[in-house]
There are 2 protein chains.
Amino acid sequence: MKSNFELPIETVPLSELVRRGELLSADCPSREVLKHVTSRWGVLVLMVLLDEKTCRFSDLRRKVDGVSEKMLAQTLQWLAADGFVVRTSYDVVPPHVDYRLTPLGDEVARQVSSLADWIEVNLSRILSARTEPANASGHV
Amino acid sequence: MKSNFELPIETVPLSELVRRGELLSADCPSREVLKHVTSRWGVLVLMVLLDEKTCRFSDLRRKVDGVSEKMLAQTLQWLAADGFVVRTSYDVVPPHVDYRLTPLGDEVARQVSSLADWIEVNLSRILSARTEPANASGHV
DNA sequence: CAGTATCCAACGCGATACTG
DNA sequence: CAGTATCGCGTTGGATACTG
């Protein structure tokens, strides 16, 4: 049986939309998208592209501290395959390739960056909460 | 040299805050937080807890389709250690344990859910964009 | 019910080397 | 510059079995 995941949203019964049932089901394609977007390097690449508008491969390598060539390439391929990023190669020597967000990618990037910003802004609150005994060991 | 990551935000030089430099540096503690929050099951657990207010272990297992006991336990420990989730155990037989968001956890959960909602709402747009030839193969 | 412990398979991911 | 190819280790993470 084919699920209604790939149907236009308007044709999906409203009852199945009311509350997120999609991501919670293991076989929903949205799990894949979520995986790419929230992957270790996916988040950071989207953040950078949102700021920079357009970036070369080596720019991204430098900005995203710690990423290897392999993982950067793979991450960019995922994001491109999902329609979030466009790759443009200029036919010159030495090679020149640009990456930029699509309109769709711009939207996810904003979501992701919003989360990232929250973490950065609240980092000290989080680190404080961390060291606490985690409480709740006290039985009720 | 100790970085200023753990200092209260007010004491950090403004120049280092202007644009997110934290998550982009490999050794920033925020990377860890991001990892927990955007982990495969972390996202889904936060979503459920945001909706349900309070949940038992087995509730979460059932709602988060596909998660194993091991990974659910580990994810909850991460989120609890970061101060996003509280674990409350009632001393009865059979055992009864509740999980709920802290105020801090509520804030991240909203961020994460916002991203998740975006994906669910735009899934059909994404799946459409996916099949396209990814364009950009055309040299410029 | 709410986990922990153990084993093991899959793969995420970095290091290195090579190519157009 | 912008990658791909290959190797290999460490971690992730599922399945199963056991415990308070």
Side-chain angles (χ1 to χ4, degrees), chain A residues 25-27 31-32 34-45 48-49 52 54-81 85-100 134 136-140, chain B residues 25-27 31-32 34-45 48-49 52 54-81 85-100 134 136-140:
Chain A
S25 22
D27 58 336
R31 284 264 177 113
E32 270 300 292
L34 184 70
K35 180 181 172 185
H36 298 161
V37 161
T38 63
S39 69
R40 181 170 178 192
W41 306 114
V43 177
L44 304 177
V45 166
V48 170
L49 287 179
E52 301 297 323
T54 168
C55 257
R56 304 180 61 164
F57 189 85
S58 49
D59 288 339
L60 285 166
R61 266 219 78 182
R62 244 171 289 111
K63 301 246 181 188
V64 179
D65 189 21
V67 71
S68 65
E69 291 191 354
K70 177 182 171 183
M71 291 315 298
L72 179 55
Q74 184 171 117
T75 301
L76 286 170
Q77 283 170 14
W78 284 339
L79 296 178
V85 163
V86 225
R87 195 195 106 115
T88 312
S89 78
Y90 302 88
D91 211 350
V92 296
V93 281
H96 182 140
V97 177
D98 276 344
Y99 293 92
R100 60 180 175 78
S137 339
H139 300 293
V140 182
Chain B
S25 21
D27 57 336
R31 285 261 178 116
E32 271 300 291
L34 184 70
K35 180 182 171 184
H36 298 160
V37 161
T38 62
S39 69
R40 181 170 179 192
W41 306 112
V43 177
L44 304 176
V45 166
V48 170
L49 287 179
E52 300 296 324
T54 167
C55 257
R56 303 180 60 164
F57 188 85
S58 48
D59 289 339
L60 285 166
R61 266 220 77 182
R62 242 171 291 111
K63 301 245 180 190
V64 179
D65 189 22
V67 70
S68 66
E69 293 191 351
K70 179 183 171 182
M71 290 317 297
L72 180 55
Q74 184 171 116
T75 301
L76 286 170
Q77 283 169 15
W78 285 340
L79 296 178
V85 163
V86 224
R87 196 195 105 115
T88 314
S89 79
Y90 302 89
D91 210 350
V92 295
V93 281
H96 183 140
V97 177
D98 275 343
Y99 293 91
R100 61 180 174 76
S137 339
H139 301 291
V140 182

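Order of the sequence lines fixes the chain letters, A, B, ..., with proteins taken first and strands second; residue numbering starts at 1 for each chain.
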Check: With B/W78, which residues qualify under ring-ring contact (aromatic ring centres under 6.0 Å, His included), at least two apart?
Finding: B/H36
Checklist line | Distance (rounded to the nearest 0.5 Å) between B/L72 CG and B/Q77 CD | finding: 10.0 Å
Check: Does anyone know the first and last nucleotide of DNA chain C in reach of chain B, 5' to 3', at under 4.0 angstrom to a heavy atom?
Finding: C/dC1 to C/dC7
May I have the list of side-chain donor-acceptor pairs in residues 60-70 of chain A shorter than 3.5 Å, sequence neighbours left out?
from, atom 1, to, atom 2, distance (Å)
A/R61, NE, A/V67, O, 3.4
A/R61, NH2, A/V67, O, 3.1
A/R62, NH2, A/S58, O, 3.4
A/K63, NZ, A/E52, OE2, 3.1
A/D65, OD2, B/A26, N, 2.9
A/S68, OG, A/M71, N, 3.2

Checklist line | B/V43 to B/T38 - nearest heavy-atom pair and separation | finding: CG2-CA, 3.8 Å
Next item on the list: Looking only at non-hydrogen atoms, find the nearest pair between A/C55 and A/L49 and report the distance.
Entry: CB-CD2, 3.7 Å
Next item on the list: To the nearest 0.5 Å, tell me how far B/L76 CG sits from B/R87 CZ.
Entry: 9.5 Å
Check: Which residue lies toward the 5' end of DNA chain D, A/R56 or B/W41, if each is placed at its nearest nucleotide?
Finding: A/R56
Item checked: Sorted by number, the residues of residues 65-74 of chain A with heavy-atom contact under 4.0 Å to DNA chain C -> A/G66, A/S68, A/K70, A/M71
Check: How about A/F57 and A/V97: do any of their side-chain heavy atoms sit closer than 4.5 Å?
Finding: no
Margin query: Which residues pass the side-chain hydrogen bond (donor to acceptor under 3.5 Å, both in side chains) test with A/R56, not counting sequence neighbours?
Written below: A/H96
Notebook entry, point to check: Could you give the angle between the helix axes at the two ends of the helix from C/dC1-D/dG20 to C/dG20-D/dC1, with five pairs per end, rounded to 10 degrees?
Noted result: 50°
Next item on the list: Could you tell me whether the side chain of B/L44 reaches within less than 4.5 Å of the side chain of B/V48, counting heavy atoms only?
Entry: no
Next item on the list: Starting from P on D/dT11, measure out to NE2 on B/H36 and report it in whole angstrom.
Entry: 14 Å
Checklist line | Residue list, side chain to side chain contact (heavy atoms under 4.5 Å, CB included) with B/V37, at least two apart or on another chain | finding: A/L115, B/V33, B/L46, B/F84, B/V108, B/V112
